[in-house]
Amino acid sequence: MLKDVEGAVSRNDNSRDITVALDGTWQKRGRTSINGVITATSLDTGYSGGMESESAIRMFQRSVSTRNVRYTKYLGDGDPKGFLKISESKVYEDELVVEKLECIGHVQKRMGTRLRNLRNKLKSTKLSDGKKISGRGRLTDAQILLIQKYYGLAIRRNTSKSVDEMSKSIWTIYFHKLSTDAKPQHGVCPMGSDSWCGFNKSLASGEKYIHKHSLPEPV
């Protein structure tokens, strides 16, 4: 841990543009709870609690009055309300506009949430093969967690590359999960012995690979 803000500044190429991290949670899921909490962590105050975004705004303002530091980035979850209030308050007037950073962890979790919502929506619907979307060998919780993990990795490994490269890496998940022993489709998966794709990794090692976690095309 850095002992003070000056130490953080010196480690940040002598720039006072330092990120503040905020996150929140509710008593129950589904955005129906009336009880919640927001947590804010900064280098000059350490921790600031409180449900209202006004607490975060005051923390931004104190960064100037106590340390002459301006926070340029806001790292929060998918709910935009907290950031919108900070943005609308113009905590640094016209000197600096605070930007929002997306947390890859939250983006990754949203993929899992949407897949579960889709599965619940279609739970009584028969797909083109006459079977339902869930069940053994279909879209199970284990499959959703695996896809969610692949999705997060695809984003993290391409943050310094182009949007097209990131998109290609994400679409790789689709073809990877669609592949079977009879019809492998790993042409866009990474090649080589260090590939996360077991099929392409086996090509480099010469070992036999058996598809165990494929998903049917209707799914």
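Values in this document were obtained by computation on a predicted structure and should not be read as measured data. Numbering starts at 1 and runs along the sequence shown.
- A distance of 10.5 Å separates SG of C189 from CG of L203, quoted to the nearest 0.5 Å.
- Between the OG atom of S162 and the NZ atom of K168 there is a distance of 10.0 Å, given to the nearest 0.5 Å.
- In terms of hydrophobic clustering, with Ile, Leu, Val, Met, Phe, Trp and Tyr side chains grouped at heavy-atom distances under 4.5 Å, M111 and I155 are assigned to a common cluster.
- Taking the six-membered ring for Trp and thresholds of 30 and 60 degrees, W171 and F175 have ring planes inclined between 30 and 60 degrees apart.
- When the shell of 6.0 Å around CD of E217 is examined, it contains 12 or fewer heavy atoms from other residues, nucleotides or ligands.
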Stepwise, does the ring pair (Phe, Tyr, Trp, His ring centres under 6.0 Å) test hold for W196 with H176? CA-CA 11 Å; W196 56 261; H176 180 82; 5.0 Å; yes

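- Taking the side chain as every heavy atom from C-beta outward, K131 and P218 never approach each other to under 4.5 Å.
- Smallest separation of non-hydrogen atoms from N200 and S195: CB-OG, 4.3 Å.
- For the atom pair CD1 of I173 and SG of C197, the computed distance is 12.0 Å after rounding to the nearest 0.5 Å.
- Listed by first then second residue, pairs satisfying salt bridge (charged side-chain N to carboxylate O under 4.0 Å, His left out) with a partner in residues 132-154 read R119-D141, D129-R138, not counting sequence neighbours.
- In this structure, Y150 is not a member of the same hydrophobic cluster as L145, with clusters built from ILVMFWY side-chain heavy atoms closer than 4.5 Å.
- Residues I104 and L146 share a single hydrophobic cluster, defined by chaining ILVMFWY side chains whose heavy atoms lie under 4.5 Å apart.
- Cluster annotation: V107 is connected to I170 through the hydrophobic network of ILVMFWY side chains, with a link wherever side-chain heavy atoms come within less than 4.5 Å.
- For the residue pair G137 and L215, the shortest heavy atom distance occurs at O-CD2, 4.1 Å.
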May I have the list of side-chain donor-acceptor pairs in residues 120-128 shorter than 3.5 Å, sequence neighbours left out?
unit_1 : atom_1 : unit_2 : atom_2 : d
N120   : ND2    : R116   : O      : 3.3

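- Panel note: side chain T113, backbone K109; a donor-acceptor pair is recorded below 3.5 Å.
- The nearest pair of heavy atoms linking F199 to H211 is CD1-CE1, 3.7 Å.
- A 4.5 Å side-chain heavy-atom check between Q148 and L115 finds every atom pair outside the cut-off.
- Interatomic distance, T180 OG1 to I210 CD1, rounded to the nearest 0.5 Å: 13.0 Å.
- Considering H213, Q143, Q185 in turn, Q143 is the only one that fulfils the side-chain hydrogen bond (donor to acceptor under 3.5 Å, both in side chains) rule with K177.
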Under the criterion side chain to side chain contact (heavy atoms under 4.5 Å, CB included), I'd like the reasoning laid out for M166 against R157: C-alpha separation, chi angles, the key distance, then a yes or no. CA-CA 8 Å; M166 185 180 291; R157 291 174 177 175; over 6 Å; no

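- By the criterion of side-chain heavy atoms lying less than 4.5 angstrom apart, applied directly or through intervening Ile, Leu, Val, Met, Phe, Trp or Tyr residues, L153 is not grouped with I147; the two fall into different hydrophobic clusters.
- The local environment of CZ in R156 is crowded, with over 12 non-hydrogen atoms from other residues, nucleotides or ligands closer than 6.0 Å.
- Here NE2 of H186 is found 3.5 Å from OG of S179. Values are rounded to the nearest 0.5 Å.
- Between T140 and G135 the shortest heavy-atom distance is CG2-O, 3.2 Å.
- Looking at P216 and V219, their side chains come closer than 4.5 Å, going by heavy atoms from C-beta outward.
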